[in-house]
Every structure is written in C-alpha cells, then in structure tokens.
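Only this structure's heavy atoms are used, side chains among them; waters, hydrogens and symmetry mates stay out. A quick note: this is a predicted structure, and the numbers were derived from the prediction, not measured.
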Number of protein chains: 4
Amino acid sequence: MTSKTKANRGPSAGPENRRALLAAAREVFATEGFSAPLSAIARRAGVGQGSLYRHFPDRTTLAIAIFDENLADLEAFVDRPESTLDGLLDRVIEQALASTALIDLVSANPHDPHTAHLAERLDAVVSRLLTREQAAGRLGEHVTPPDVILAVSMLAGVLARSDPADRPDVARRAWALFHAAFAPG
Amino acid sequence: MTSKTKANRGPSAGPENRRALLAAAREVFATEGFSAPLSAIARRAGVGQGSLYRHFPDRTTLAIAIFDENLADLEAFVDRPESTLDGLLDRVIEQALASTALIDLVSANPHDPHTAHLAERLDAVVSRLLTREQAAGRLGEHVTPPDVILAVSMLAGVLARSDPADRPDVARRAWALFHAAFAPG
Amino acid sequence: MTSKTKANRGPSAGPENRRALLAAAREVFATEGFSAPLSAIARRAGVGQGSLYRHFPDRTTLAIAIFDENLADLEAFVDRPESTLDGLLDRVIEQALASTALIDLVSANPHDPHTAHLAERLDAVVSRLLTREQAAGRLGEHVTPPDVILAVSMLAGVLARSDPADRPDVARRAWALFHAAFAPG
Amino acid sequence: MTSKTKANRGPSAGPENRRALLAAAREVFATEGFSAPLSAIARRAGVGQGSLYRHFPDRTTLAIAIFDENLADLEAFVDRPESTLDGLLDRVIEQALASTALIDLVSANPHDPHTAHLAERLDAVVSRLLTREQAAGRLGEHVTPPDVILAVSMLAGVLARSDPADRPDVARRAWALFHAAFAPG
DNA sequence: AATGAATGAGGATTCATTCAT
DNA sequence: GATGAATGAATCCTCATTCAT
C-alpha cells in the first residue's frame, strides 16, 4: 500500500527543515509579499505545517530569523575594512524587500526585545561605517547614524515597492539624492 | 409590519452613498491599514455591501477614487501662486498612508490607464511647483521632477510605516535630507 | 456548466437558516457532544459556514439560543396550573444534554448578562413550581429554590453522562433520592 | 559536543517517567480540563512525547491509571475502621474532576474490562462503607450501593462543573440533600 | 527504552463576492 | 439602485500520532 503521507525523516531533518523554511520564506515573501500565506512557505519548503510552526511559532519569528541572517551578512561586510556606505547600500538593495519588512517590524514593535536587538545591530553596522567614511572625508561631519538609517529605510521602502526591473535605476537615483545630502563640506 | 432593515432610499441615494463610502474608506484605511476588510468600509458608511460593489467593483477602484480626490486637492493647492514644495510635502505628510497606497498602486499597475492618469497628474503638480521654486531660486536647477517624485514617494513610504506619533519628527528629519539635496547651487 | 456551489437563495433564507441551524445544533450536540465541530452543524443544516457565524458568532451564542428555546418550553409548561415538579423533571430529562450544557454555561459565565438572564428565568420557573407544590403539601417547607436547582443540575449532569438507553432508569433512581430529600414533614 | 537535547537516561528511567507522567496528568487535567493536550502533560512531566505514548497509548489508558491510584487511596481509606461515608465524600470532593472523568469513562465504556474492573472496585468500596454505616445505624436500611454510587456520581459531576471557589459550598448543599434521602428510619 | 521533531488532518474564523428581494 | 444575508474558499493554528535516532 502506497501512502500519500510523506515519510517522517525523524529529528535529524530538523536543521535541514529550518534552513529549507528560511529559504522558502525568502522566496515566497519576495514573490508574494510579506503577507503571503505561511502554508505556501511550508509547501515550498517541502515541510509539514506543524514543522513550520515548531521552528517559527509565528510570522514575526520567521521574519526575525530572516533579518538575523541578513544582519549577520551586513556585519560580516562591515568587518572588512574596505567596505563603504555604498557597498552597504548595494546589499540593502539586494535585500530590499526583506529590509523593508525588517524596518517595518522594528518600527511596529519598538518594545519587543528581539526587534530591539535587531535595531541595535543595524545601528551598530551603520555607525561603524559612518565613522569610517567620515574619517576618510567621504561624508560630512553633520551626518548622524539616524540620518543614514532613515535614508536606508526610505531607500529600502521605495525599492520594495518598485518593479524589480526598475530597482537598479530607482536605487541609483535615490542614492544620488542622499549623496548630495551627505556630501562633506 | 416593522422591519429592522434600513429603508431602501432608492436611486437618489446613489451620489450620497458614494461620498459616504469614500469618506468611510479614508477613515478605515487610515486606522486599519489599506488591507482592511471592505465590509468594514460598507458598515462604517452605513451602506450595504452590494452598494459598495456597485460603486467600486474592487479595492483598487476605491483606492483610485480616493487618490483622485487627493490629487484634486493638490491641484487646487498648486493653483495658488504662493504654494511651495514644503507646502506640498505638508499635504503629503497628512495623507501619508493614502499617498503610499497611491504610489504602490501606480508602481504596481504602470500600464493601467487609470493609474497612469493619476501618475501624470501627480507629475504635473510636481512639475509646476518645481518650476516655480526654481524660478524663485529656492531650488537647484539640477533637480528634476522625477527627483522630487522619488523624494515624495520615499517620504510617504517611511511615514506610512511610522508610528503616527513619530511622524512629525520623521517627516522633519527626512525633509531636511532632501532639502540638502535639493538646495540651489 | 453545472456548479458545485449551492445557489444563493438570498436574504429570505435567513430565518429558515436560523431555524435549520438551531435544529442541526440540537442534533449534533446530542449525538456528538457539546464540543462537536461547528462545521458539522453548518453542514447538517445545509448552510454555509459563514451563515452559521453570521447567526451565531460563537459556540456560546448558539448554545444560548438553544437554551432560550428550552426555557420558553419550560415557561409554557409551568404556565399550566396542573404542572408539577415531576413534570418539570421529565422535560429536563428529555433535554438532558442541553440542560447540562445550559448549567455548565451559566456556571462558567456567571457575569455574562445573557447567561445571567437565562439563570433568572430558570430560577423563576423553579420558584413558581416550588411554591405551588409546597402550597399543595406535596413538598416540604424546608425546600428552597436553590435546592431544587441543584437537584435539577445534578440530575441533568448525570443523565448527560449516561448511556441514552439507561437514562430512564437513572432518572427514576435519582429522582427517588430527591423525593426522599424533598418530602414534606 | 554539547547537546541541547535532554540526556537519554535509558530504560532505568521507565518507572520514574511513569510516575512523573501520572503526576503531570493530574495537574494538567485539574487546571486545563480533561481534554487538555497530551503534549502539555509530557512537557510538564519533563518526558518525551514518545515516552508518554509508550506508557499510555491513549488518553483513556492514562485516565484509567489515574483512577486506579485514586481507587487505591479510597480502598486504603475504607480499610480504616473509623472511616465514614462523609469521609469518602470528602475525598471525592477533593478529586472532583478526576472523579467525574472516571465516572464518564465507566459509563462510556461499560464493556471495557479495565473500566469494568474500576467500577467493581468502586462498588466494593461503597458497599463496605455502606454496610458499616447501616450497622452503626447512621444510614437507613433502604439505601443501596447503587444509590450511593449514583449520589457520588451526581455530586462529583456537579462539582466538576462548579467554579473551584464555589465547590465547598456546593458540596455542602448537595450533601445535605443526600443526607436527608439517606437518613435512617 | 527514551527522545523530541515531523507530519498532516481537522477545526475555527474571516472575508471577497454574489444575488434574491 | 439599494440592501444585507448567503456562500465557501482560504488561512491560521493546534494537536494526536508516528518514527528516526
């Protein structure tokens, strides 16, 4: 007798499932928006609904996990001494949708310790980069971390709402505006 | 026989219902977000579900009607010779949520004639204002209408995602950035 | 093209649906217990899920509506001057399951105005009957309405938990106990 | 390599786990009702889901095991010559919820050998007590074991449905009724 | 024999949309 | 043309049960 039910691969499938869920969530959120059905994510990950809920009890937890990875990327990026604000922006642009969702999340739950932690990490990344750019004379001394975060936030937001094909152009134009605002002297 | 059902006021209620629906939609979208249930709008308007559908066959149609009114406001505003870009921004800030939804809509349906028409009107408003500001020497010659629209779009976006209480502050900071970018010479 | 979707019979189906839902709820609760799926009730009533929720927003509302009908029956019963406590019990026995659910509901939500109202009505029914029985010398003067309600409650509870086939016997034995306790002199 | 997973303590943990599961089940059933999720019991017992299923293949088995312990308590109680029916009731009252579940179980599965065995033991406990009370003249000769079991059943039922805070009062009132019914002469 | 993750069926609830009146 | 009830698909979430380790 053949069964329609997927084989239970046991606990060892756990970490693999988690990875698959995160990857699926990235794809589904990117194509269908942040409010896509969670069931679609489980399906695309090839994982039962229950497993999704075990790993990520709610949509927010899932989002935080994604942002956590994104931030780890950004942190690795700023650890490289030659990294620039432009480079940071490139990464934000690549992750436009996730970035907006991150920023939405942080602004929507300013008191949640998890999101607060993410906000701090983002702040740290931006501050380090800003200090470095200012030291190199590439950025005006008047620019503050909140300015940059606001710019990043606006940029991510507009990109998330743009047709993917237009994003490079939109990003270039937006960034030019901020360049003018952030220019030294 | 007394009936609990609201009296059917007949065809003459048409225009009034339309107005009530638009007003209700503004309030509901503002308080519950753009994806609020349409039934909530009909209820708040004191109108049957069916009438909502008759006037506005779908959510987009309703949104377009709102933006149409908003644009008429903006057009009236720029008709006054003393109006400035800052003044335009004030209006956008007041309507942050609707403005973002408009921009979302326009970017999501670039080929729909209705949204294209809205986009053109927004463009015209911005262009007139821009020309005037540049003539007065208050804006750099390098600034183009798309720059301003992009700035407006980003501003509206970030405001829509902000806690209403923070909006004035966010708007002020964001606008300072664009001021720097748009400054003459 | 034939459609699987049931025809929309329009608002006129409303009262009929409500009746069908109540009848279905009685049957389903009786056969499957008070925690039977609401979807089963809608299905048995031949009504959409949404209609069930429109008429009865939650399980409690549905239960209250059932009890409301039951109480109306009991009230009609005590309006007949020849009605006795034994007769009341017969009715409670017939409605054992619903009666227990009613009592559960009333004890679980003592502060809900709806359940409080049901409790008052039940109290009134019992008090009237009790007074009449005491006047006729068929019940001891020491018996109070709460005593009777407690007895009814215990009886209904035990019946609800009994195999339907055993109920007459269980009821007879239980009632004999209370007779002894309630006897005059 | 450190593991988050609880150490597998091997077969020797068996009896200990069984005890922990029973204790956890008592607590969980008492606080969340008899239909609480089994996973909650395993969690509170600090035991894997699988172990729960090994010890108790289904909810009924678990319930029977609890009642088995309760009955052992009652049996020990009636072994003491000074024990009374009132004392028995006190114990039933303390275990109101479990007692009702027991009675539910017994009535729902009258043909299951396990529940039949429990019923017999309960019967024996009651009979011994009854005989003793009648011999002492504290109980009427007309009272039979089924009468007492029925009374106990009704009492347990009503208590299980009562607000815990009201239970002492409800128990006192109910017991007064049965006292009257059971009184000698 | 214990562990705990995986599975998916099932149930509650919401809401866009239709349609008789 | 207005009304609002009816419909059911879709989504969220829970939990009993299985099973690799």
Here DNA chain E, pairs taken as Watson-Crick or G-U under 3.5 Å and shown with ( ), [ ] when crossing and | when to another strand, reads .||||||||||||||||||||
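C:Thr60 places none of its side-chain heavy atoms less than 4.5 Å from the side chain of C:Asp112. Taking 4.5 Å as the limit, some side-chain heavy atom of D:Glu69 sits within range of a side-chain heavy atom of D:Arg26. Within the 4.5 Å cutoff, side-chain heavy atoms of A:Ile41 are placed close to those of A:Phe29. The closest side-chain heavy-atom distance from A:His114 to A:Leu118 is not below 4.5 Å.
Within 4.0 Å of C:Arg18, counting heavy atoms only, lies no atom of the nucleic acid at all. In this structure, A:Ser39 reaches the sugar-phosphate backbone alone: every heavy-atom distance under 4.0 Å involves primed, P, OP1 or OP2 atoms, never a base.
Rounded to an integer number of Å, the gap from OH of C:Tyr53 to P of E:dC15 is 13 Å. D:Leu21 places its CG atom 15 Å from the P atom of E:dA1, with the value rounded to the nearest Å. When the P atom of E:dG4 is taken as reference, atom CZ of D:Arg54 falls 15 Å away, rounded to whole Å. The interatomic distance linking B:Gln49 (CD) with F:dT3 (P) rounds to 12 Å, in whole Å. Between D:Ile41 atom CD1 and F:dC15 atom P the separation is 12 Å, expressed in whole Å. Per the geometry, CZ belonging to B:Phe56 stands 17 Å off C1' belonging to E:dT17, to the nearest Å. Across the protein-nucleic acid pair, B:Arg44 atom CZ and F:dG4 atom P stand 17 Å apart, rounded to whole Å. Rounded to an integer number of Å, the gap from CG of C:Leu52 to P of E:dA12 is 10 Å.
Applying the salt bridge (Lys or Arg N to Asp or Glu O under 4.0 Å) criterion to C:Asp68, with sequence neighbours excluded, gives C:Arg121.
Regarding contacts with the backbone of F:dG8, every side-chain N or O of C:Arg43 stays at 4.0 angstrom or more from both OP1 and OP2. Residue B:His55 has no polar side-chain atom (N or O) positioned under 4.0 Å from OP1 or OP2 of F:dG1. Residue D:Asn17 places at least one side-chain N or O under 4.0 Å from the OP1 or OP2 atom of E:dA2.
Among the nucleotides F:dA6, E:dA2, E:dC15, the one closest to any side-chain atom of B:Pro37 is E:dC15. Listed nucleotides: E:dT18, E:dT3, E:dA2. Nearest to the side chain of D:Val47: E:dT3. Comparing F:dC12, F:dA16, E:dA2 by their closest approach to the side chain of D:Leu38 singles out F:dA16.
Here the CG-CG distance, from B:Asp58 to B:Leu38, works out to 9.0 Å after rounding to the nearest 0.5 Å.
Residue whose closest nucleotide on DNA chain E sits further toward the 5' end, between A:Gly50 and C:Ala36: A:Gly50. In terms of position along DNA chain F, the nucleotide closest to A:Ser35 lies nearer the 5' end than the nucleotide closest to the other residue of the pair A:Ser35 and D:Asp58.
Of the possible polar contacts, one joining the B:Thr31 side chain to the B:Glu27 backbone as a donor-acceptor pair under 3.5 Å is found. B:Arg59 places a side-chain N or O within 3.5 Å of a backbone atom of B:Ala36 that can act as its donor or acceptor partner.
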